[in-house]
Amino acid sequence: MSTKSREIRLASRPSGWPTPDNFALATVELPDPAPGQVLVRNLVMSVDPYMRGRMNDVKSYVPPFQVGEALTGGAVGEVVASNSPRLKPGDVVLHDFGWRDYALADAAGFRTVDATAVPSVNAYLSVLGGIGLTAWVGLVDIAAMRAGETVFVSGAAGAVGSLAGQFAKLRGAARVVGSAGSAEKVRLLTERFGYDAAFNYKDGPVRPQLKRAAPDGIDVYFDNVGGEHLTASLAALRRGGRVAVCGAISGYNETQPPPGPDNLSLLISKRLTMRGFLVFDHYDRLPDFLAEVGGWLAAGQIHVEETVVDGLEQAPAAFLGMLRGENIGKALVRLDR
Ligand code: NAP
């Protein structure tokens with residue numbers, strides 16, 4: 001017996017900002033699982049900035065999406081049929097076959113998660129998944145943040161940023177400053193996400209706004225956006241300061257590479273360290289991350305925010321909305337209704 005499943009395909013490669021025309025909804029008939037395979041009904045999927053890079057036909061740390069093929073990405077689903085001893089119907093699994101109603105693949109591509117341990121399985125796509133690990137590794141290992149320091153986070157109301165600021169505070173940062181792209185987000189940064197100060201980068205140049213929010217300078221910059229924010233942060237960093245280069249979303253939809261910082265020589269005079277990282281290289285830190293962040297979560301010390309859109313057919317709009325900044329916290333698409 002086959003299963004009808006819808007999927008979102010890459011219809012064409014965008015140049016600059018993607019549009020709805022770059023996506024196509026298609027329906028496929030999936031056969032029963034072959035030996036070793038399982039069929040998973042997806043419950044929720046993630047839309048992430050890195051997917052924009054995969055829409056370009058360029059060599060990167062993950063291969064590009066192919067035109068005419070279904071997109072992939074993080075998702076949580078429930079096993080509905082299994083032809084593998086590794087998984088049984090009812091198991092809840094985390095995997096990379098998002099952007100579709102049903103995933104049919106070898107059981108090795110799915111990892112069981114404990115749906116009873118969390119208020120919602122969405123946590124495995126945000127605070128307890130790669131997003132939380134990115135924020136934690138960036139702060140703890142890459143920036144080596146120490147208690148008493150001043151930390152600046154850009155993209156601060158987003159999935160990674162809203163957690164990075166809270167983790168910094170919980171690890172004893174003296175002052176945590178965030179930037180985001182709307183008045184509402186700026187309000188939430190201090191009211192909900194524990195930031196000490198925040199500003200809207202769309203209100204004016206970053207450098208004077210950062211100076212007002214951190215008059216004595218910063219020790220750590222958690223960079224989610226690159227561009228002008230990075231230049232301003234190099235100016236604000238104190239001697240021995242560190243930059244965790246997590247993302248550069250301000251340039252992801254540009255057709256020309258944005259200009260680089262014109263003040264890199266400050267790395268020499270101020271003995272600064274700038275280090276890029278990819279979360280995939282740091283999964284060995286999962287046990288320590290889960291011990292610390294799981295503890296904070298259980299104690300109610302972390303505010304986890306999500307922007308959830310309903311329906312697979314809305315996934316492209318959710319993705320485009322996230323690139324435009326319509327999300328607060330993790331951008332997700334619910335698929336089970
Ligand atoms: P997110 O912050 O939840 O969503 C993206 C946000 O980027 C939007 O909400 C928007 O917020 C902001 N943005 C869009 N254009 C911008 C611009 N020109 N200038 C400043 N901000 C802009 O996404 P996320 O998943 O947490 O990812 C955040 C960053 O981390 C991205 O750069 C991503 O590529 C990176 N990342 C890296 C790793 C890694 O392993 N290194 C892993 C995950 C994510 P505003 O309303 O504030 O503009």
Side-chain angles (χ1 to χ4, degrees), residues 16-18 45-56 60-62 73-74 122 125-127 129-139 141-143 152-167 178-189 193 195 198-206 209-210 221-233 243-254 258-259 274-283 285 289 304-309 318-333:
W17 282 87
M45 60 166 266
S46 176
V47 286
D48 297 271
Y50 79 91
M51 294 168 176
R52 174 63 190 88
R54 295 192 70 185
M55 296 175 82
N56 298 334
S60 183
Y61 59 93
V62 272
N122 297 6
L125 296 175
S126 63
V127 61
I131 291 292
L133 184 63
T134 301
W136 189 83
V137 159
L139 202 65
D141 291 350
I142 308 299
F152 174 46
V153 182
S154 56
V160 172
S162 62
L163 294 173
Q166 294 183 77
F167 296 171
S179 72
S182 75
E184 188 202 0
K185 288 185 180 184
V186 167
R187 180 177 62 77
L188 292 176
L189 287 181
F193 297 123
Y195 279 78
F199 63 87
N200 180 350
Y201 69 88
K202 293 178 182 166
D203 281 350
V206 174
Q209 296 208 79
L210 179 55
Y221 173 43
F222 192 110
D223 190 11
N224 283 314
V225 310
E228 186 197 353
H229 274 86
L230 178 57
T231 308
S233 295
V243 183
V245 185
C246 176
I249 196 166
S250 69
Y252 291 176
N253 293 304
E254 299 302 321
M274 227 171 109
R275 187 176 160 200
F277 70 104
L278 280 170
V279 66
F280 315 118
D281 299 331
H282 299 272
Y283 276 96
R285 294 290 275 147
F289 156 73
V304 179
E305 190 78 31
E306 297 167 350
T307 299
V308 184
V309 165
F319 174 68
L320 300 177
M322 177 277 299
L323 291 178
R324 282 194 297 265
E326 287 167 13
N327 62 307
I328 296 170
K330 182 73 197 92
L332 295 171
V333 182

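Not measured: the values here are computed from a predicted model. When a ligand or atom number is given, it counts from 1 through the structure's own listing order. The analysis underlying the following values was restricted to heavy atoms, covering all of them including side chains, and did not include hydrogens, waters or symmetry mates.
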Can you check whether Val225's main-chain N or O pairs, donor with acceptor, with Ser250's side chain at less than 3.5 Å?
-> yes
Residues in ring pair (Phe, Tyr, Trp, His ring centres under 6.0 Å) contact with Tyr252, at least two apart in sequence or another chain | none
Are the side chains of Thr134 and Leu163 in touch, meaning some heavy atoms are under 4.5 Å apart?
-> no
Any donor-acceptor pair under 3.5 Å from Glu306 side chain to Ala331 backbone | no
Backbone N/O of Phe199 and side chain of Lys185: donor-acceptor pair under 3.5 Å | no
For ligand 1, the residues whose heavy atoms come within less than 4.0 Å (ordered by chain, then number) | Pro49, Ile131, Thr134, Gly158, Ala159, Val160, Ala180, Gly181, Lys185, Tyr201, Asn224, Val225, Cys246, Gly247, Ala248, Ile249, Ser250, Tyr252, Phe277, Leu278, Val279, Met322, Leu323, Gly325, Asn327, Gly329
So, Asn224 side chain and Ser154 main chain: donor-acceptor pair closer than 3.5 Å or not?
-> yes
